[in-house]
Amino acid sequence: MGNQMHDRTVIPMPTVSALPEPKASGRDLRIDACRGIALWCIFLDHVPNNIGSWLTLRNYGFSDAAEVFMFVSGVTCALAYGKVWRCDGWSGVISRTLRRSWNIYIAFLLLTIACVILVYLAGGDRLADESNTRILLDQPGATLVHAAILQYRPVNTDVLPIFVLLHLLFAPLLWLLLRLPNVTLGASMALYALVHVFGWTLPAWPNGHWAFNPLAWQLLVVLGAWWMIEGERVRPLVTSRAALVPAVLYLVFSLIIALSWRIKPLEGEVPQKLLMLLYPMDKSNLDPLRLVHFLALAVLAVWLVPPNRRGLKTAIVRGAILCGKNSLPIYCLGVLLTLASLLALLDISDGVAMQIALSVSGVLMMILAATLLNLIKIKPGQQPTAALRMGVSSQQGGWGTRGRRLLQVFRGLREYGRASGPNRFIDCRFAERLPALTDELVGPKADIVAASPKPVAIPTRNVTAPVPIGI
């Protein structure tokens, strides 16, 4: 970025006061921690017969880390693209979503090639079936074509094509969520219901099966984004005892059922008709029992993990946060580590000691890789980026030639960025009503507030002093 101030004062229409916004008051480390821990759990769960999977959610309920990862991805998308929308408008959101979708697409293709190379070097036949790469080894041309259109996926890579589609479509999704959040969530739930009624899915190759049907799993992504926009309104309900009690009861019920599937003495204590009614649970289409289990976990998490939790500063959680911040490369690394772990179990030993060693070393390698990636992002001598917060308060209809002149004044402050040293960008907020602008900018100590026309500017100057005012 250099020492140049970047002009990000594209006017979002309609004005900010007309639309809700995703939260943007600093990065919530709980989000990165949850995503990082989910990545660890996904790795542990994918290693066959791994004792390390007893540390994950899979053995203690109906859902697992996949639901957590999907929901948190919706949360982070709403946060990240919400900030882009405020600074760069919808053109910026579309540009960023397309670029991110392309990056994930390239990562998926490279991971597919890396998987087949690893399987080939390991001897081909030993891992070909477990990794779903035999067809790629036998028919490389046709298989790569189907991989390029997201119809073929090696084992454990199924999430990446979903995220290619997710980011590709997130700009219109965010547009709808900002204007009709509840209607948009309702439409997502309706699509989820139709999937279960009619068996809808997207084309897949060669067997037509998706490990994660995008038409069903989209609900968790939309739910995460909706929570960031409407969360404050429904938080009193989520944090009430009326939500906590049934959530805990359902978690206890699912715990007993899940353990009965894996512990023989307990299996006899549970009515067989009940087990037959519940099992099998369709993970591909996000079985409703899995969905409800995740929602119950989310309610419990809201109660147990407040924003200022001291545990977020421990070494292990800091490692999870680093992994969460670098989720794409760490997910790809986890897939390769799973194949390498399976090879070690086949060639060396499948004993408990080896399972523990592979589980611990795999997680440590993910933390190490995330740490190195984080260091690479922080270049030596790089100055921190700072937002120059500015605001425009304008009566309805008053934003016109006069207001646009104020915007030109903002743009003329490029020299300010060069003179003061730190990298800066203009975080320009617009509001028709004075209280809305005051809450947005005076609280976080805006650098400049502009008001148009003059009758609005006079009370603005009184409320925001000593913040400089442009009229």
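A quick note: this is a predicted structure, and the numbers were derived from the prediction, not measured.
Note: Tyr331 and Phe69 have parallel aromatic rings, judged against thresholds of 30 and 60 degrees for the angle between ring planes. Using cut-offs of 30° and 60° on the angle between ring planes, the pair Phe163 and His167 is tilted. Below 30°, between 30° and 60°, or above 60°: for His293 and Phe62 the angle between ring planes is between 30° and 60°, a tilted geometry. In this structure, Trp205 and Tyr152 have perpendicular ring planes: the angle between them is above 60°, well past the 30° mark.
No donor-acceptor pair under 3.5 Å is formed between the side chain of Asp158 and the backbone N or O of Phe212. Side-chain atoms of Thr184 come within 3.5 Å of backbone N or O of Leu176 as a donor-acceptor pair. Under a 3.5 Å cut-off, the side chain of Asn285 and the backbone N or O of Asp287 do not form any donor-acceptor pair. With hydrogens and angles ignored, the 3.5 Å screen pairs a side-chain donor or acceptor of Asn132 with a backbone N or O of Arg153. Without hydrogens or angle criteria, Ser95 side chain to Ser91 main chain gives no donor-acceptor distance under 3.5 Å. In this structure, Thr143 contributes its side chain and Ile135 its backbone to a donor-acceptor pair below 3.5 Å. Counting only distance, with no hydrogens or angles, the side chain of Gln139 and the backbone of Leu136 share no donor-acceptor pair below 3.5 Å. Checked by atom type and distance alone, the side chain of Glu67 never pairs as donor or acceptor with a backbone atom of Leu220 at under 3.5 Å. For Arg262 (side chain) and Ala258 (main-chain N/O), a donor-acceptor pair under 3.5 Å exists by modelled atom type. The backbone N or O of Leu98 sits nowhere less than 3.5 Å from a side-chain atom of Ser101 that would complete a donor-acceptor pair.
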Apply side-chain contact (heavy atoms from CB on, under 4.5 Å) to residues Val47 and Ser359 and explain how you reach the verdict.
CA-CA 9 Å; Val47 178; Ser359 298; over 6 Å; no
Could you go step by step and tell me if Leu346 and Asp350 meet the side-chain contact (heavy atoms from CB on, under 4.5 Å) rule?
CA-CA 7 Å; Leu346 292 174; Asp350 60 354; over 6 Å; no
Please report the C-alpha distance between Leu286 and Asn213 in whole Å, then the side-chain angles of each, then the deciding distance to 0.1 Å, and finally whether the side-chain contact (heavy atoms from CB on, under 4.5 Å) criterion is met.
CA-CA 8 Å; Leu286 185 58; Asn213 183 355; over 6 Å; no
Apply side-chain contact (heavy atoms from CB on, under 4.5 Å) to residues Cys77 and Val221 and explain how you reach the verdict.
CA-CA 9 Å; Cys77 283; Val221 176; 5.8 Å; no
Go through Ser260 and Glu269 one step at a time and tell me if the side chain to side chain donor-acceptor pair (under 3.5 Å) criterion holds.
CA-CA 8 Å; Ser260 72; Glu269 301 299 325; over 6 Å; no
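Salt-bridge formation is detected for the pair Arg35/Asp32: a Lys NZ or Arg NE/NH1/NH2 atom is positioned less than 4.0 Å from an Asp or Glu carboxylate oxygen. A salt bridge between Asp282 and Arg290 is absent, with no side-chain N of the basic residue lying under 4.0 Å from a carboxylate O of the acidic one.
Residues Ala296 and Ala247 share a closest heavy-atom pair of CB-O, 3.7 Å. Annotation for Asn103 and Leu328: closest pair O-CD2, 4.3 Å, computed over non-hydrogen atoms. Summarising the geometry of Phe43 relative to Leu358, their closest heavy-atom pair is CZ-O, 3.8 Å, with the distance given to 0.1 Å. Taking both residues in full, the closest heavy atoms of Trp210 and Leu202 are given as NE1-O, 3.0 Å, listed atom of the first, atom of the second, then distance. The two residues Leu111 and Cys332 make their nearest non-hydrogen contact at CD1-O, 3.6 Å. Nearest heavy atom pair, residue Leu177 against residue Ala225, reads CD1-CB, 3.6 Å.
Within the 4.5 Å cutoff, side-chain heavy atoms of Arg100 are placed close to those of Tyr81. In this structure the side chain of Asp88 never reaches within 4.5 angstrom of the side chain of Val93, judged on heavy atoms. Taking the side chain as every heavy atom from C-beta outward, Asp64 and Cys41 never approach each other to under 4.5 Å. The side-chain heavy atoms of Leu137 and Val119, taken from C-beta on, include a pair separated by under 4.5 Å. Pro48 places a side-chain heavy atom less than 4.5 Å from the side chain of Leu342. Here the side chains of Leu178 and Ile229 are in contact, with some heavy-atom distance below 4.5 Å. In this structure the side chain of Leu191 never reaches within 4.5 angstrom of the side chain of Leu219, judged on heavy atoms.
Going from atom CG of Leu57 over to atom CD1 of Ile37 covers 9.5 Å, rounded to the nearest 0.5 Å. Put simply, OG1 on Thr56 and OH on Tyr60 are 7.5 Å apart, with the number rounded to the nearest 0.5 Å. How far CG of Leu223 is from CE of Met189: 8.5 Å, rounded to the nearest 0.5 Å. To the nearest 0.5 angstrom, Leu169 atom CG is 12.5 Å from Leu174 atom CG. Distance CE/Met366 to SG/Cys323: 5.5 Å, rounded to 0.5 Å. Rounding to the nearest 0.5 angstrom, the gap separating the OG atom in Ser131 from the CG atom in Asp129 is 8.0 Å.
Of the residues Phe294, Trp226, Trp227, the one that meets the ring-ring contact (aromatic ring centres under 6.0 Å, His included) test with Phe71 is Phe294.
Counting heavy atoms of neighbouring residues, nucleotides and ligands inside a 6.0 Å radius, atom CH2 of Trp102 does not exceed 12 of them. Under a cut-off of 6.0 angstrom, the local environment of CE in Met281 is crowded, with over 12 non-hydrogen atoms contributed by other residues, nucleotides or ligands. By the 6.0 Å contact criterion, CG on Asp138 is enclosed, its count of non-hydrogen atoms from other residues, nucleotides or ligands being greater than 12. No more than 12 heavy atoms of other residues, nucleotides or ligands lie within 6.0 Å of CZ in Arg96, so this atom counts as exposed by the packing criterion.
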